[in-house]
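All chains are named by letter (A, B, ...) in the order of the sequence lines, taking the proteins before the strands, and each is independently numbered beginning at 1. As the structure is a prediction and not an experimental result, all values here were calculated from the model.
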2 protein chains.
Amino acid sequence: MSMRRSAEDAAATRRALLVAALAEFAESGYAAATLAGVAARAGVTRGALYHHFSDKAELCLTAIEELWAEAAMPVWARLDGPEPPVRRVTDFLVAFFTALEKDGTFREVYALSVRGAEGAPELARGLTDKQAIMERWRGQLTDLLGAAPLRPGVSPRTAALAVITAANGTAVTWLACPDLFSPAREARSLADAVLHGLARPDGDG
Amino acid sequence: MSMRRSAEDAAATRRALLVAALAEFAESGYAAATLAGVAARAGVTRGALYHHFSDKAELCLTAIEELWAEAAMPVWARLDGPEPPVRRVTDFLVAFFTALEKDGTFREVYALSVRGAEGAPELARGLTDKQAIMERWRGQLTDLLGAAPLRPGVSPRTAALAVITAANGTAVTWLACPDLFSPAREARSLADAVLHGLARPDGDG
DNA sequence: GTTCTTACATACATTCACGTATGTATATAA
DNA sequence: TTATATACATACGTGAATGTATGTAAGAAC
């Protein structure tokens with residue numbers, strides 16, 4: 001049917017395949033997802049898919065890498081800026097919860113990375129990357145919270161861990177039971193509760 | 001080889017299959033797990049498996065149902081008792097974090113239930129059960145925290161949600177990156193941080 | 001001891017998804 | 001205008017996992 005088109009169309013096909021792959025993998029998991037489903041969702045055949053990507057694993061890893069950056073960057077950017085540390089962390093959590101509910105790409109790439117690809121050793125590269133990302137994330141938060149007025153007994157490392165687990169916990173709880181609550185609506189009160197448990201009540205961060 | 005044995009041996013075979021199935025499914029996910037792997041782990045053939053269970057889905061659901069009760073009961077029992085509410089919730093979180101790291105069955109059944117079985121509609125029964133469990137859990141915690149001295153602005157529902165997300169977040173973060181921290185060792189400080197963010201500082205719960 | 005049933009093991013059929021090989025039409029370069 | 005490379009579609013081979021059908025030895029009932 002649709003024969004050779006321009007190079008821009010090829011890029012669009014590739015992009016559509018990445019978006020479709022992310023949705024398929026996030027919905028069904030890596031093992032249960034089928035490349036026929038990905039191709040159908042993208043409106044092409046499996047031949048097109050194998051033209052752009054060598055195999056299932058490369059498709060999955062490429063989708064995570066390329067789409068994660070653009071979806072997550074504006075959220076993580078909240079950790080930088082001139083505001084006081086506690087304020088930045090709060091803003092980050094609120095942005096995280098909001099993106100989780102409102103941004104389909106953000107939600108899908110997060111669900112896929114959290115659900116993991118156990119049973120698929122060919123994705124080990126992506127998983128070690130995730131490990132590194134997690135540790136860099138904790139380091140960044142530790143530095144940030146080290147400059148914040150934490151209440152006594154709370155180390156910056158523990159505070160960073162609490163922030164990470166709060167974000168992950170909200171995400172997986174809502175992904176598992178979407179009817180339980182609304183991350184976007186309760187984002188502020190949840191973030192406040194987390195930070196209130198960590199920071200000194202009189203500290204302005 | 002091993003021919004007909006006593007009825008007790010049959011029960012032991014069934015039990016071994018359930019334990020093996022839980023480990024396989026938790027490690028590889030429902031879709032990627034193979035029944036040959038389950039049988040091999042249990043030390044029997046696939047014939048034995050199909051003698052005790054009708055298909056893959058029933059095996060998985062039975063494993064979750066039967067093993068979840070005995071592994072999780074002692075943890076959830078911490079929510080009951082004569083102690084003040086905040087103390088009970090703290091004890092529950094500590095017991096949860098400890099069981100997560102120390103009790104293999106607890107960890108596996110939790111990992112399997114969290115990772116979910118998306119892409120496997122035949123497990124819908126188990127997932128609706130999970131939804132019901134989650135809502136009952138939130139209801140129980142809401143009642144419990146409704147009788148606790150919460151700080152102003154924190155509703156019992158939000159507090160219950162914070163406890164749930166803290167437990168889930170710690171679990172998935174550690175399952176994804178086991179080297180990041182030790183739930184059992186940091187259990188107390190994490191639980192204290194959560195409750196400190198929710199309860200009035202002067203309240204003894 | 002015969003028979004029946006249980007508790008498996010073994011062998012087979014079928015499906016299904018992956019990866020490959022090949023065909024085809026179009027843009028581009030010469 | 002011809003040749004070549006690109007961007008797919010189509011058709012095929014293959015393996016792995018599921019489920020089924022059948023075989024078989026051992027306890028239980030009589």
Exercise. Report the residues that fulfil ring-ring contact (aromatic ring centres under 6.0 Å, His included) with B:Tyr110, sequence neighbours left out, ordered by chain and then residue number.
Key: B:Phe96
Quiz item: Rounded to the Å, how far apart are B:Glu122 CD and D:dT18 C1'?
Solution: 12 Å
Practice problem: Applying side-chain hydrogen bond (donor to acceptor under 3.5 Å, both in side chains), name anything that partners A:Ser28, two or more places apart in sequence or on another chain. | Solution: none
Practice problem: Please list every stem that involves DNA chain D, where a stem is a run of 3 or more consecutive Watson-Crick or G-U wobble pairs with both pairing distances under 3.5 Å. | Solution: C:1-30 with D:1-30
Quiz item: Which atom pair, heavy atoms only, marks the closest approach of B:Leu22 to B:Val109?
Solution: CD1-CA, 3.7 Å
Self-check item: Strand-adjacent residues in residues 16-24 of chain A, judged by heavy atoms under 4.0 Å from DNA chain C
Solution: none
Quiz prompt | Any A:Thr13 side-chain N or O less than 4.0 Å from OP1/OP2 of D:dC8 | solution = yes
Quiz item: Between OG1 of A:Thr13 and CG of A:Leu49, what distance do you get to the nearest 0.5 Å?
Solution: 11.0 Å
Quiz item: Does some side-chain heavy atom of B:Asn168 sit less than 4.5 Å from a side-chain heavy atom of B:Met134?
Solution: yes
Practice problem: Could you check B:Arg107 against B:Asp103 for salt bridge (charged side-chain N to carboxylate O under 4.0 Å, His left out), going step by step and ending with a plain yes or no? | Solution: CA-CA 6 Å; B:Arg107 171 173 56 252; B:Asp103 184 344; over 6 Å; no
Quiz item: What are the two closest heavy atoms between B:Leu180 and A:Arg138, and how far apart are they?
Solution: O-NH1, 2.9 Å
What N/O pairs connect the protein and nucleotides 13-17 of chain C at under 3.5 Å? Give each pair on its own line.
none

Quiz prompt | Residue pair B:Tyr30, B:Glu122: steps toward the side-chain hydrogen bond (donor to acceptor under 3.5 Å, both in side chains) verdict | solution = CA-CA 11 Å; B:Tyr30 179 78; B:Glu122 64 267 30; 3.2 Å; yes
Quiz item: Please walk me through it: do A:Leu93 and A:Leu190 pass side-chain contact (heavy atoms from CB on, under 4.5 Å)?
Solution: CA-CA 9 Å; A:Leu93 281 177; A:Leu190 282 173; over 6 Å; no
Quiz item: Of the residues in residues 47-55 of chain A, which ones touch DNA chain C at a heavy-atom distance under 4.0 Å?
Solution: A:Tyr50, A:Asp55
Quiz item: Less than 4.0 Å between a side-chain N and a carboxylate O, is that true for B:Glu186 and A:Arg157?
Solution: no
Practice problem: Indicate yes or no: at least one non-hydrogen side-chain atom of A:Phe25 is less than 4.5 angstrom from one of A:Lys56. | Solution: yes
Practice problem: Measure the CG-CD1 distance between A:Leu59 and A:Ile64 for me, rounded to the nearest 0.5 Å. | Solution: 10.0 Å
Quiz item: So how far is it from A:Phe92 CZ to A:Trp76 CH2, rounded to the nearest 0.5 Å?
Solution: 4.5 Å
